[in-house]
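The structure under discussion appears below in the form of structure tokens.
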Amino acid sequence: MSDYRAPVKDMRFVMDELAGFKELSQIAAYEEATPDLADAILDEAAKFAGEVLAPLNRVGDKEGCKLTASGVTTPNGWKEAYAQYREAGWNGITSPAEFGGQGLPDTLGIVVKEMLCSANMAFSLGPLLTTGAVEALLTCASDELKAIYLEKMVSGEWTGTMNLTEPQAGSDLALIRSRAEPQADGSYRVFGQKIFITYGDHDMTENIVHLVLARLPDAPAGVKGISMFLVPKFLVNADGSLGARNDAHCVSLEHKLGIHASPTCVMAYGDNGGAVGYLLGEANRGLEYMFIMMNEARLGVGLQGIAIGERAYQQALAFARERKQGRDALTGEALVTIDKHPDIRRMLMLMKSRVEACRALAYYTSGLLDRAHAATDADEKRRNLFLAEFMIPIVKGGGTEMGIDVTSLGIQIYGGMGFIEETGAAQHWRDSRITTIYEGTTGIQANDLLFRKLMRDQGATAKVVFGEIYATAKALGASGKPELQAIAQRLGIALKAWTEATEWLAGNAKTGLSGVLTAAVPYLHLAVTVCGGWFMGKAALAAAGYLDKGEGDQAFYRAKIATARFYADQLLPQAISYAETVKAGDAALAGIGDEVF
């Protein structure tokens, strides 16, 4: 398996030119996020990811986690790596200073997260869930609970989990049966079983803080009767020290296709009298609160697809530059490295361009969240938040589907050696395969985009996005540069296809629900494709500006334009096919009986 080297130059370009990091440091809330500080953080994060976490990726895949009488144990090196991660302060770089964090913008934090995930996806899942749990507690926990738990979680001394689904429920949380019984002292006793709990138990920290969905005795049926409870692995004494072991245990570990070093636990609550828990926020609003954590996690999982796609691209490129096979079809030279073959070059560029497009979408979305958080004007806050929420299913669905495609291409470039575990190429595909499933499948992301984001404001936010894409295409077309004008033409056609598909959905939402639901995932793919082209176009414009001024790394900027042109020619035309698929609705399914299947 090749080394991982964080693409810091590209990351910084996307931060500054596409996500607006330069402007964020001018906002009072982020005035400490100077360019020099960002450089220092990214350099250190790249070193930690490449030197500490990346070498453990293969170790974790081979060893996996084990369930012992004393709990779950992680692979060799995991505890030591986590101790270094925590002591360096990586866990709290975007958390509030009030609870020991550094209060830096998410636009910087997301870059660090990508590095950690590229280096070692299984390791990065624990911190990802902890930061999501921190966001949930900041929103709905009482001051007393915040005082007890947040500082320890921000520092990473304690980790956090999200406990949603159960064996009979799957993604339909209305079916959960876990219950919570009120106690005289104001606490609750929680009973039930939860499945697929990432880092539900491990040996890296002395305490784990579980956020658990359960029902109160008088709760209404369905999702309106779900509350959220904080259930620690160890109870906390009044002086902050750890007390008795709580009645919350991992009873088995799942044997998975990938991410072997990330413990996926079946958790049992209350087998011995009830797990002590504390109500978070108001009763029966648990799902609402959990979605705070879910949005954080969905953006993070979209980033996982991007991160593992980057790792697979780096490895495939390194192999293609070393592996000699065949004759150069253009020059006739014998026994050339395979990166000289046109089809290999096509696949490498597919990997590179799709990763870069999705990275830009993720960083841009983080920038929107930063602006929403810092805004003092209510309209500005709402606009940025709505745009960010519109983009999250696009980032999650698009980033994860891309990650699977790109890691699969990596195996293809390796040829037969890619199917052999020793090369490491297969691990990336295996690890990526879960990303389109957890935190909401691609179908769930598509429905979220349609029904919660597109239609909640009658398409107003979508029209803002369409307007931004149109402006980018217009600027590309007015540049006078043939490469940029070619991108403009493709982007304009793709935008037209997306607009027409959106109009079709809006026109059929009330009278043709089956057709709209059938079209949801193709519509998501359409949105991802066009938004990717939008940001590749913006990247090309920024790069052209630096080339005109003769500033910076000229080869890097020429590569940016070439990659954007490739995306425009090879990927944007797919928007037309996706739009046609959307408008076909469920016509091919109408009247089909079960016997067809």
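Only a predicted model underlies this, so the values are computations on that prediction, with no experimental measurement involved.
For Arg382, the CZ atom sits in a loose shell: 12 or fewer heavy atoms of surrounding residues, nucleotides or ligands are nearer than 6.0 Å. The environment of CD in Glu500 is crowded: more than 12 heavy-atom neighbours from other residues, nucleotides or ligands sit within 6.0 Å. Annotation: Phe419, atom CZ; neighbour count of heavy atoms from other residues, nucleotides and ligands within 6.0 Å does not exceed 12. Other residues, nucleotides and ligands place more than 12 heavy atoms under 6.0 Å from the CD atom of Gln168. A 6.0 Å sphere centred on CZ of Phe196 holds no more than 12 heavy atoms belonging to other residues, nucleotides or ligands. No more than 12 heavy atoms of other residues, nucleotides or ligands lie within 6.0 Å of OH in Tyr470, so this atom counts as exposed by the packing criterion. Crowding of Lys496 atom NZ: a count of heavy atoms from other residues, nucleotides or ligands under 6.0 Å not exceeding 12.
Glu166 contributes a side-chain N or O that, together with a main-chain N or O of Ser178, makes up a donor-acceptor pair within less than 3.5 Å. Judged by distance alone, with hydrogens and angles left aside, the side-chain atoms of Lys396 form no donor-acceptor pair with the main-chain N or O of Ala297 at under 3.5 Å. Put simply, the side chain of Asn384 never gets that close to the backbone of Leu368: no donor and acceptor are under 3.5 Å apart. For the pair Arg433 (side chain) and Leu257 (backbone), a donor-acceptor distance under 3.5 Å is absent. Judged by distance alone, the side chain of Asp457 and the main-chain N or O of Ala460 form a donor-acceptor pair under 3.5 Å. Proximity of a side-chain donor or acceptor of Lys583 to a complementary backbone N or O of Ala519 within less than 3.5 Å is not detected. Not one N or O on the side chain of Tyr4 forms a donor-acceptor pair closer than 3.5 Å with the backbone of Gln314. Of the possible polar contacts, one joining the Asn91 side chain to the Met153 backbone as a donor-acceptor pair under 3.5 Å is found. A donor-acceptor pair is defined here as one N or O able to donate and one able to accept, closer than 3.5 Å; such a pair exists between the side chain of Arg311 and the backbone of Ser118. Listed for the Gln304 side chain is no donor-acceptor partner under 3.5 Å among the backbone atoms of Gly403.
Taking OG1 of Thr107 as the start and CG of Leu18 as the end, the distance is 11.5 Å to the nearest 0.5 Å. In this structure, CG on Leu350 lies 5.5 Å from CG on Leu571, to the nearest 0.5 angstrom.
With 3.5 Å as the limit, one finds a donor-acceptor pair spanning the side chains of Thr161 and His210. A donor atom on one side chain and an acceptor atom on the other are found under 3.5 Å apart for Ser432 and Thr407. Of the N and O atoms on the side chains of Thr581 and Tyr523, not one donor lies less than 3.5 Å from an acceptor on the other residue. For the residue pair Thr472 / Trp534, a side-chain donor-acceptor distance below 3.5 Å is found, with atom types taken as modelled. Between the side chains of Glu401 and Thr442, at least one donor-acceptor pair of N or O atoms lies under 3.5 Å. Side-chain N/O atoms of Ser124 and Lys113 include no donor and acceptor closer than 3.5 Å. Side-chain contact annotation: Asn163 with Tyr269, donor-acceptor N/O pair under 3.5 Å present. Side-chain contact annotation: Tyr313 with Glu356, donor-acceptor N/O pair under 3.5 Å absent.
Each of Arg354, Arg359, Arg5, Lys352 was scored for a salt bridge (charged side-chain N to carboxylate O under 4.0 Å, His left out) with Glu310, with one residue passing: Arg359. Partner of Phe535 under the ring pair (Phe, Tyr, Trp, His ring centres under 6.0 Å) criterion, chosen from Phe13, Tyr364, Tyr363: Tyr364.
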For Val395 and Ile392, what are the C-alpha separation, side-chain angles and deciding distance, and is it a side-chain contact (heavy atoms from CB on, under 4.5 Å)? CA-CA 5 Å; Val395 172; Ile392 282 174; 5.7 Å; no
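The shortest side-chain heavy-atom distance between Leu213 and Ser227 does not fall under the 4.5 Å cut-off. Residues Met121 and Ile434 form a side-chain contact, since some pair of their non-hydrogen atoms from C-beta on lies under 4.5 Å apart. Between Gln315 and Tyr414, some side-chain heavy-atom pair lies under the 4.5 Å cut-off.
When all heavy atoms are compared, the tightest approach of Tyr199 to Ala122 is OH-O, 2.9 Å.
Looking at Glu389 and Arg452, no side-chain N of the basic residue comes within less than 4.0 Å of a carboxylate O on the acidic one, giving no salt bridge. In summary, Asp61 and Arg430 engage in a salt bridge, as defined by a charged side-chain N under 4.0 Å from a carboxylate O.
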